[in-house]
Every structure is written in C-alpha cells, then in structure tokens.
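To start, the structure under review is shown below, and the notes come after it.
Please read all numbers here as calculations on a predicted model, not as lab measurements.
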Amino acid sequence: QVHLAESGGGSVQSGGSLTLSCVGSGDIYSGYVMAWFRQVPGKDREGVASFDSDKKINYADFAKGRFTVSRDNAKNTLYLQMNDLQPADTATYYCAADRLGYSGTWYLRTKQLKHWGQGILVTVSS
C-alpha cells in the first residue's frame, strides 16, 4: 500500500513562489515514477511534471522555465518549486506515483497512475 501526502500549498500573489512537497509512505521506493498534476474545477486534470525512476524529468509546456521538480529518494519525497506564479496557475495540485515502468511523458499524458494524494490548493491572486 502506498500513501502520498502533499504539503506546501497556499495563497500567493502574482509573481510569487511556492514549493510543494509530496511525501510517500508504505511500499513506495525509488523505482516508482512520481509526478505532479493539477486541476481546476470544471476542467480536466493536467500533467505538470514527472520524475522517472531513471531520473529523467518531463515538464508540461506551461511549466518549463518556471517550475522545477526534484526528488529525494532517501526521504521518499517529491518536490515542485514553482516560480513566477500567475493566476492561471491557481488549481488543486496532486502528487501521483506508479511503478509500471512507462515513461514520465506517457504518465503525464494519460494520467494512468495507481496512487494519488488528496491534493493541495494553490491560489494565485493578481
């Protein structure tokens, strides 16, 4: 059983920064792909960034240059550093993990990961 818990969300003004953390517990290990997604009410959940088991990193186009994903396997923790946040980044952010071995790009596109956190809200005001 894998449990994922996000933290670090909150409210920030436009141009500000936040760092999200996702701590995994249970059977999770470095062989899992971990990823960040986000969702706005009424819209589909979209991939933000992924960190593969082989340390390959993938970003959605909107995240490139502003967001940085990192991972500490010793702590089973995935991070998402978000800079220059804009109101369009307002969403509930979710951490997810899976060990099927597909690429991070595939997971970001299909969202077919087995384990999901409960999500954490990020609000960016103008």
Side-chain angles (χ1 to χ4, degrees):
Q1 189 71 19
V2 172
H3 178 68
L4 302 173
E6 302 97 338
S7 63
S11 297
V12 65
Q13 289 191 327
S14 180
S17 298
L18 281 175
T19 298
L20 305 182
S21 299
C22 170
V23 179
S25 60
D27 294 335
I28 195 167
Y29 60 97
S30 62
Y32 276 70
V33 173
M34 296 185 75
W36 289 101
F37 294 80
R38 69 183 189 182
Q39 188 169 21
V40 175
K43 293 188 176 181
D44 289 339
R45 191 170 297 186
E46 61 179 351
V48 178
S50 66
F51 198 112
D52 292 7
S53 57
D54 60 358
K55 302 183 180 180
K56 185 175 181 180
I57 294 173
N58 300 280
Y59 293 101
D61 286 343
F62 66 81
K64 293 177 181 177
R66 298 190 301 131
F67 295 2
T68 302
V69 65
S70 60
R71 181 170 175 173
D72 186 337
N73 286 329
K75 297 180 179 180
N76 284 335
T77 302
L78 184 73
Y79 302 96
L80 184 67
Q81 171 71 40
M82 303 184 292
N83 298 323
D84 190 27
L85 284 163
Q86 301 300 316
D89 296 314
T90 295
T92 298
Y93 284 72
Y94 296 89
C95 174
D98 197 271
R99 63 174 182 176
L100 286 181
Y102 295 109
S103 70
T105 301
W106 184 86
Y107 281 116
L108 290 180
R109 177 170 54 85
T110 65
K111 294 165 279 190
Q112 293 187 31
L113 295 92
K114 183 175 181 180
H115 308 286
W116 291 84
Q118 291 191 334
I120 193 161
L121 181 62
V122 171
T123 303
V124 185
S125 57
S126 58

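Contact record, Ser17 with Asn83: OG-OD1, 2.9 Å, taken as the closest heavy-atom pair. Of all non-hydrogen atoms in Thr77 and Ser21, the two that sit nearest each other are CG2-CB, 4.4 Å. Gly104 and Ser50 get closest at one heavy-atom pair: CA-OG, 3.2 Å. Nearest approach of Leu108 to Ala35, heavy atoms of both residues: CD2-CB, 4.2 Å. Looking at every heavy atom in both residues, Ser14 comes nearest to Ser126 through CB-CA, 4.1 Å. Minimum heavy-atom separation, Ala49 to Leu80: CB-CD1, 4.4 Å.
Within 6.0 Å of CD on Gln39 lie more than 12 heavy atoms contributed by other residues, nucleotides or ligands.
There is a path of hydrophobic side-chain contacts, each under 4.5 Å, that joins Val69 to Phe62. Put simply, Leu85 and Tyr79 are part of two different groups of oily side chains (I, L, V, M, F, W, Y) that touch within less than 4.5 Å, one to the next. If you chain together hydrophobic residues whose side chains sit under 4.5 Å apart, Tyr94 and Val40 never meet in one group. Taken together through direct or relayed side-chain contacts under 4.5 Å among Ile, Leu, Val, Met, Phe, Trp and Tyr, Leu121 and Leu18 form parts of separate hydrophobic clusters. Under the 4.5 Å side-chain heavy-atom criterion for grouping Ile, Leu, Val, Met, Phe, Trp and Tyr, Val23 is not connected to Met34 through any hydrophobic cluster.
Here the side chains of Arg71 and Asn73 are in contact, with some heavy-atom distance below 4.5 Å. Between Thr105 and Lys56 the shortest side-chain heavy-atom distance does not fall below 4.5 Å. Considering only heavy atoms from C-beta on, Tyr102 stays 4.5 Å or farther from Thr110 through its side chain. Using a 4.5 Å heavy-atom threshold, the side chains of Glu6 and Tyr93 count as separate.
The OG atom of Ser7 sits 8.0 Å away from the CG atom of Leu20 when rounded to the nearest 0.5 Å. How far SG of Cys95 is from CG of Leu4: 4.5 Å, rounded to the nearest 0.5 Å. Distance check: Cys22 SG to Trp116 CH2 gives 11.0 Å after rounding to the nearest 0.5 Å. For the atom pair Asn76 CG and Ser25 OG, the distance stands at 8.0 Å (nearest 0.5 Å). Atom NE2 of His3 is separated from atom NE2 of His115 by 12.5 Å, given to the nearest 0.5 angstrom. With rounding to the nearest 0.5 Å, the separation of CD in Gln112 from NZ in Lys114 is 13.5 Å.
Between the Thr19 side chain and the Gln81 main chain, no donor and acceptor come within less than 3.5 Å of each other. Side-chain atoms of Gln86 come within 3.5 Å of backbone atoms of Asp84 as a donor-acceptor pair (strictly under, hydrogens ignored). Proximity of a side-chain donor or acceptor of Arg45 to a complementary backbone N or O of Phe37 within less than 3.5 Å is not detected.
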Side chain to side chain contact (heavy atoms under 4.5 Å, CB included) assessment of Met82 paired with Arg66: CA-CA 6 Å; Met82 303 184 292; Arg66 298 190 301 131; over 6 Å; no

Using the side chain to side chain contact (heavy atoms under 4.5 Å, CB included) rule, take Asp52 and Asn58 through it: C-alpha gap first, then chi angles, then the decisive distance, then the call. CA-CA 8 Å; Asp52 292 7; Asn58 300 280; 3.9 Å; yes

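Between Trp36 and Phe67, a ring centre-to-centre spacing not shorter than 6.0 Å is recorded.
Salt-bridge annotation for Arg99 and Asp27: absent, with no side-chain N of the basic residue lying under 4.0 Å from a carboxylate O of the acidic one.
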